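Letters A, B, ... mirror the listed sequences (proteins, then strands); counts begin at 1. The model shown is predicted, which means the values in this text are computed figures rather than measured ones.
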Amino acid sequence: MVRRYFSSTNSMNICIASFCRAKELLKAEAVLVDGIKLGVVPDVVTYNTLIDAYCRFVSLDAGFSVMHRMEEARIVPNVVTYNSLIAAATRYRLLSQSIDLFDEMLCRGVSPDIWSYNTLIHCFFRNGRPNEAYNVFRNIILGETMPDVATYNIMINGLCKNGYVDNGIMMFRNLKRHGFVPGLDTYNILLDGLYKWRRWGTAKRLLLEMGQSGYVPNSITYTTVMKGCFMCRKYEDAFDIFNEMKSRGYAFDSFAYCTVIGALLKLSNVEDAYKCMNHMVKTGMELDVVAYNTLINLFCKSLNFEEAYRMLDELESQGLECDVYTHTILVDGLCKAGDIKGAERHLRKMDMMGFFSTLVAYNCFLDALCKTGWIEHALHVFNSMKEKDGFTYSSMVQGLCRVGRFRLASKLLLKCVSHGMPILAADKRAILSAYHSSGFKSEIKAFRSKLRVP
DNA sequence: GTAGGGTTAG
């Protein structure tokens, strides 16, 4: 039992906040109970602290129930209360909840502040709605609330993540005109955006500029650049950064380990990935869901399902919850191990869980069906998929070509192009060589010309 | 109390 003696609400709030930061919610609640017994009255800050912690570590609903308790105690929610809830809804990708909360805040006469607007902008970007995000930004610029550095960071990040990387660069260049100097965090955000869109040259120039401005890279910069190098297949550079980070005394954290293990697995270098994992485990660092996912992927890739499932148990016994990555890794693992039925059972389970998207898991499954030659089953799955991307079409096209159904394959490929999705040169080649070997010369010509004019 | 680095598929 936690027992503390408070002279004021303020000291009780400080104590609750420190337990909340340590994810010790039960202890935080015990402090509140003790405080009330001693006659210390909780205020809006007390409840806001708890709401934020419950949203972060338990669920949005848990946050709502604290808000309910707060109102029962006749304490009126303020802008911070709503900002925490809107941010949580955004983290859980619940767009309509975020918007409803924003409206509710306005209806109750709580004026949004710049934090509210920033959160709303982030919410729209995160849900793939850049136009609405931009509208909120424009209204800030035209209105009375002043944007702050976070507004620009969120804008640059959102623009880059939604494919408007040039607008992101432009906004970065315009920062000074708005009276802001880009900080290290702004550089990190833009760097990440540039690497995601393979803008290697611009990223390199930006890094140089960052150094000239006197900024010393932090561990976020290092991890970002390392990931960028892996993406651009500059493996030597990536491992140089890995070593530089160590030699300069940067603590290697979970982010860095996951980046390196993930990259090694993509290179099929399971042996070094294991070495890396052993280092990571030796440091005794606390593993989160992403770290567990990375290790589960490592075990799946080496077909050690016993260990993979043991990790899964460990994850849950730590009070963590599997996410869409965990399940997708398992589905892909089962597919690659030839257990198609097992993968399908797992997919059905995923469908029941209500994830934001199961596209990647379905793509893995579809690809396995095609490679196994179960083309009818694959077509059935393909047609039933509501969401498709370039990966989906590619697997299907290759699968159809393999069994000689190149007319349907070329139809699908053209559809893919007309939807603006990227296609692989290998898919084109598969169709052309299939036409070639069957002697359909005129069809080759028609296919080529259609590809040129989408 | 907002944002920024790590994990999945062809």
What's the [atom1]-[atom2] distance between [X] and [N], to the nearest Å?
| X | N | atom1 | atom2 | result |
| --- | --- | --- | --- | --- |
| A:Tyr54 | B:dG1 | OH | P | 16 Å |
| A:Leu120 | B:dG1 | CG | C1' | 16 Å |
| A:Leu207 | B:dG5 | CG | C1' | 13 Å |
| A:Phe391 | B:dA9 | CZ | C1' | 6 Å |
| A:Leu320 | B:dG6 | CG | P | 19 Å |
| A:Asn188 | B:dA3 | CG | C1' | 12 Å |
| A:Leu287 | B:dT7 | CG | C1' | 12 Å |
| A:Arg402 | B:dG10 | CZ | P | 12 Å |

Which part of the nucleic acid, if any, lies within contact of [X], taking any heavy atom under 4.0 Å across all strands shown: a base, the sugar-phosphate backbone alone, or nothing?
| X | answer |
| --- | --- |
| A:Asp367 | sugar-phosphate |
| A:Ala426 | nothing |
| A:Ser254 | base |
| A:Thr294 | sugar-phosphate |
| A:Gly158 | nothing |
| A:Asp288 | base |
| A:Asp52 | sugar-phosphate |
| A:Ser219 | base |
| A:Cys364 | sugar-phosphate |

Nearest-nucleotide pick for [X], side chain only, options being [options]:
| X | options | answer |
| --- | --- | --- |
| A:Thr224 | B:dA3, B:dT7, B:dG5 | B:dG5 |
| A:Asn363 | B:dA9, B:dG4, B:dG10 | B:dA9 |
| A:Asn297 | B:dG6, B:dT8, B:dG4 | B:dT8 |
| A:Val360 | B:dG5, B:dG10, B:dT8 | B:dT8 |
| A:Thr328 | B:dA9, B:dG1, B:dT8 | B:dT8 |
| A:Ile329 | B:dG4, B:dG10, B:dT8 | B:dT8 |
| A:Val290 | B:dG1, B:dG10, B:dT7 | B:dT7 |
| A:Asp113 | B:dG1, B:dA9, B:dG5 | B:dG1 |
| A:Lys336 | B:dT7, B:dA9, B:dG5 | B:dA9 |
| A:Phe255 | B:dG5, B:dA9, B:dT7 | B:dG5 |

Under 4.0 Å between a side-chain N or O of [X] and OP1 or OP2 of [N]?
| X | N | answer |
| --- | --- | --- |
| A:Lys428 | B:dG10 | no |
| A:Lys196 | B:dG6 | yes |
| A:Lys266 | B:dT8 | yes |
| A:Lys161 | B:dG5 | yes |

Worksheet item: With a 3.5 Å cut-off and just heavy-atom distances, do the side chain of A:Asn78 and the base of B:dG1 make a donor-acceptor pair?
Response: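 A donor-acceptor contact between them is absent.
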
Discussion item. So for A:Asp253 and B:dG6, does any side-chain atom that can act as donor or acceptor lie under 3.5 Å from a complementary atom in the base?
Written reply: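 No, the side chain and the base share no sub-3.5 Å donor-acceptor pair.
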
Item to complete: Could you tell me if the ring centre of A:Phe305 sits under 6.0 Å from that of A:Phe299?
Response: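 When the ring centroids of A:Phe305 and A:Phe299 are compared, they turn out to be at least 6.0 Å apart.
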
Worksheet item: Can you check whether A:Phe356 and A:Tyr92 have ring centres sitting under 6.0 Å from each other?
Response: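 So the answer is no for these two rings.
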
Item to complete: Considering only NZ, NE, NH1 and NH2 on the basic side and carboxylate oxygens on the acidic side, decide whether A:Arg173 and A:Glu209 come within less than 4.0 Å.
Response: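 Between A:Glu209 and A:Arg173 there is a salt bridge, with a charged N closer than 4.0 Å to a carboxylate O.
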
Worksheet item: Under 4.0 Å between a Lys/Arg side-chain N and an Asp/Glu carboxylate O for A:Asp313 and A:Arg310?
Response: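 Answer for the salt bridge query: no.
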
Where is the tightest heavy-atom contact between [X] and [Y], given as atom of each residue plus distance?
| X | Y | answer |
| --- | --- | --- |
| A:Trp200 | A:Cys232 | CE3-SG, 3.5 Å |
| A:Tyr393 | A:Leu412 | CD2-O, 3.5 Å |
| A:Ala88 | A:Cys55 | CB-CB, 3.5 Å |

Practice prompt. Tell me, please, whether A:Phe382 has A:Lys388 positioned over its six-membered ring: NZ or CZ under 6.0 Å from the ring centre and within 45 degrees of its axis?
Written response: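 So A:Lys388 does make the cation-pi contact.
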
Practice prompt. Output yes if the stacking criterion (under 5.5 Å between centres, under 30° between planes) is met for A:Trp115 over the base of B:dG1, else no.
Written response: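 Stack criterion met.
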
